[in-house]
Novice: 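My questions all concern the structure below.
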Amino acid sequence: MNLELSETQTLIRDTARKFARERVAPHATRFDREEHFSPELYRELASLGLMGVNIPAKYGGAEAGVLSYSLAMMEMAAACASTSVTMAVTNMCAELIHTYGTDAHREKFVTRLTSGDAVAGSFALSESHAGSDPRAMRTTAVRRGDTWVLNGSKQWITSGAYAGVMVVWAQTGGQGSKGISAFIVEGGTPGLHVGKHEDKMGLRASNTVALTFEDCAIPADNLLGKEGDGFKLAMIALDGGRIGIASQACGVARAALEASVRYSKDRKAFGQAIGEFQGLRFMMANMATELQAAELLTFRAAYLKEQGKPFTREASMAKLFASEMSNRAVDKAVQIHGGYGYIDEFPVERYFRDARVQTIYEGTSEVQRLVIARETFKLLD
Ligand code: CAA
Ligand code: FAD
C-alpha cells in the first residue's frame, strides 16, 4: 500500500477540505441547533463531485476511487458530522446502483445522485424491529403486472424526507437470505409516506425519518440486481459504507484532538497553560496515536476495495476501531475543556453527541465483531 497520496487523491482531499472549512464549518453549530438540512448545500457538494467520488465521470462522478472518498469524508466530518453522513449515504446508494444496476438505472438514477438533482440518496434497510437483523424485515414487494407493489415501514432512514432516489429492501418470497430483493424508489412516489422526524441526540442537522409504503407501486424495471439477491447487495454495500463511517469517525476525532490542543494552549490553571500538565498531554498523545491507527486501518480497507480485493473483514475492523476510538477521543476532549466542554460555546459537546451513533449505525460494534470473527475463522479454515 502506497502511503503517498496521488495527484487525484490530493485534489479531492483539498477540494473537500476547502469546502468543509469555508462553506460548512462556520455554520455547523447553527445547523446543529436549528436541525437545519440544506438541499442547496448538498447540490453544491454534488457540483464538486463529492456525491459520487468513486463513480465514473460518465455518470457524473469524480472517478477518484475509494481512498479519495475516505479522505473527503474525513474532511467533511471534521467540519460537520451531519453533512458527512448525508454525503456518505448518497455515495453508498450511487455506488450500489452503479455497480448492480442496468445501464438505464445508471443513466436515470446515478446521474440524479451525482448531479445533486436528487438532493440525496437514502438506504432503506432497517425496520423498527429489524436493525442488526435485517433478514427479519417485514416490508413486502409483490409483482403485479409491470409493477412491484411495496407495503411496510422502514425506520431511521437518513435523508428520507429529502431523497429523490432511494434503495429499499423488501421480502419477495424465497428461502432464507434469498427472500429479500432491492428496489429503486423515487422520492414522491404515490404510496410512499414520510413519517416521524427523529429528535436525535446528535447528527441533528441530518434528516432521519420513518418511511411507510402503502400499496406503493413502482415500475418492474426498478428491481435492483436479481430477485432474491437483495440481502447480499445490502451486505456488499454496507462493507463499503463501513469505510465511510470509519472515515467519519476519524474526521470527528481529529476535530476533537485539534480543538483540545488549541484550548489547552490557551486555558490557564495554577498559573500555567493546562496543556503543560502531563496528565492532559498524555491524553492528547493517546488520542493522536489511536487516531493514526484508525486512519491506517481505514486507508487499508479503502485500498483493498479499490484494488478489487476482499475487504469485508478490514472494513469491519476499521469501522469497529475508528468508531470506538472516536468515542474515547470526544470524551477526553470534553474532559480537557472542563466546564466549557459541557456547554455549546465550544464545538466539543457537539462532537461528543455526534460520535455516539458511530458504534451503532451501519452495524453496531457487536455486529462488526460478528463479521470480523466470521471472516477470521474463514481465513483459518
Ligand atoms: N458480502 C457478500 N455476501 C455476504 C456478506 C458480504 N459482506 N455478508 C453476508 N453475505 C451473504 C452470506 O454469504 C450468506 O449467503 P448464502 O445465504 O448464500 O449462504 C447470506 O449473505 C447471509 O449471511 P449471514 O448468514 O452471515 O447473515 P445473517 O443474517 O447472519 O447476518 C450480519 C449477518 C453481519 C449480522 C448482517 O445481518 C448485518 O450486517 N447486520 C447489520 C445491518 C446493518 O449494518 N445495517 C445498517 C443499515 S444502513 C445504516 O445504518 C446507514 C446509516 O446509519 C447512515
Ligand atoms: P438492535 O438490533 O435491536 O440491537 C440492540 C443491541 O443488541 C445492540 O447493542 C446490538 O449490538 C445488540 N445485538 C443485536 N444482535 C446481536 C448479536 N447477534 N450479538 C450480539 N449483540 C447483538 N438504517 C438504515 O437502514 N438506513 C439508514 O439510513 C439508517 N440511518 C440511521 C441513522 C441514525 C441516526 C440511526 C440511529 C440509525 C440509523 N439506521 C439506519 C439504523 C441503524 O443501522 C440501526 O439502528 C442499527 O443497525 C442497529 O439496529 P437496532 O437499532 O435495531 O438495534
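Starting from 1, each residue takes its place in the sequence as its number. Start at 1 and go down the list; that is how both ligands and their atoms are numbered. Quick caveat: nothing in here was measured; it's all calculated off a predicted structure.
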Novice: Could you tell me, atom by atom, which parts of ligand 1 come under 4.0 Å of a heavy atom of F123?
Specialist: 48 (S)
Novice: Considering all protein heavy atoms, does one lie under 4.0 Å from atom 19 (O) of ligand 1?
Specialist: no
Novice: Strictly under 4.0 angstrom, heavy-atom based: which residues surround ligand 2?
Specialist: F123, L125, S126, G131, S132, W156, I157, T158, K200, V357, I360, Y361, E362, T364, E366, L370
Novice: Heavy-atom contacts with P134 under 4.0 Å: which atoms of ligand 1 show up? List them by number with element.
Specialist: 37 (O), 40 (N)
Novice: Check this for me, if you would: do D331 and R328 make a salt bridge, where the nitrogen-to-carboxylate-oxygen distance has to be below 4.0 angstrom?
Specialist: no
Novice: Any salt bridge linking E186 with R112? Criterion: basic side-chain nitrogen under 4.0 Å from a carboxylate oxygen.
Specialist: yes
Novice: Distance to the ring centre below 6.0 angstrom and angle to the axis at most 45 degrees; does that hold for R135 and F231?
Specialist: yes
Novice: How is the hydrophobic cluster of M317 composed, in terms of its other members, when Ile, Leu, Val, Met, Phe, Trp and Tyr link through side-chain heavy atoms under 4.5 Å apart, directly or indirectly?
Specialist: L320, I372
Novice: Could you tell me whether I245 approaches ligand 1 through its side chain, its backbone, both or neither, with non-hydrogen atoms closer than 4.0 Å?
Specialist: neither
Novice: Heavy-atom contacts under 4.0 Å between V371 and ligand 1: side chain, backbone, both, or neither?
Specialist: side chain
Novice: Taking atom types as modelled, is there a side-chain donor on T139 or Q171 under 3.5 Å from an acceptor on the other?
Specialist: no
Novice: Provide the number and element of each atom of ligand 1 under 4.0 Å from a heavy atom of I236.
Specialist: 1 (N), 2 (C)
Novice: Answer with side chain, backbone, both or neither: which part of R135 has a heavy atom less than 4.0 angstrom from an atom of ligand 1?
Specialist: side chain
Novice: At what distance, to the nearest 0.5 angstrom, does CG of L291 lie from CE of M284?
Specialist: 14.0 Å
Novice: Tell me: protein heavy atom nearest atom 46 (C) of ligand 1, and distance?
Specialist: E362 CA, 3.5 Å
Novice: Closer than 4.0 Å to some heavy atom of T158 - which atoms of ligand 1 meet that?
Specialist: 54 (C)
Novice: Specify side chain, backbone, both or neither for T364, according to which of its non-hydrogen atoms lie closer than 4.0 Å to ligand 1.
Specialist: neither
Novice: Just one of R350, R33, R30 clears the salt bridge (charged side-chain N to carboxylate O under 4.0 Å, His left out) bar with D344, so which one?
Specialist: R33
Novice: Should we count CZ of F346 as having more than 12 external heavy atoms under 6.0 Å?
Specialist: yes
Novice: With no hydrogens and no angle check, just 3.5 Å: does a side-chain donor-acceptor pair link Q248 and S84?
Specialist: yes
Novice: Once rounded to the nearest 0.5 Å, what's the spacing between atom CG of D199 and atom OG1 of T208?
Specialist: 10.5 Å
Novice: What part of K319, side chain, backbone, both or neither, has a heavy atom within less than 4.0 angstrom of ligand 1?
Specialist: neither
Novice: Are any of the protein's heavy atoms under 4.0 angstrom from atom 9 (C) of ligand 1, yes or no?
Specialist: yes
Novice: Quick one: pull up NZ in K305 and CZ in R300 and give me the separation to the nearest 0.5 Å.
Specialist: 16.0 Å
Novice: Report the part of S126 in contact with ligand 1, treating N, CA, C, O as backbone and CB onward as side chain, heavy atoms under 4.0 Å; options are side chain, backbone, both, neither.
Specialist: side chain
Novice: Does either side chain, that of H197 or that of E35, offer a donor lying less than 3.5 Å from an acceptor on the other one?
Specialist: yes
Novice: Pairing donors with acceptors under 3.5 angstrom, does anything connect the side chains of Y42 and T86?
Specialist: yes
Novice: At under 4.0 Å between heavy atoms, which part of S132 makes contact with ligand 1: side chain, backbone, both or neither?
Specialist: backbone
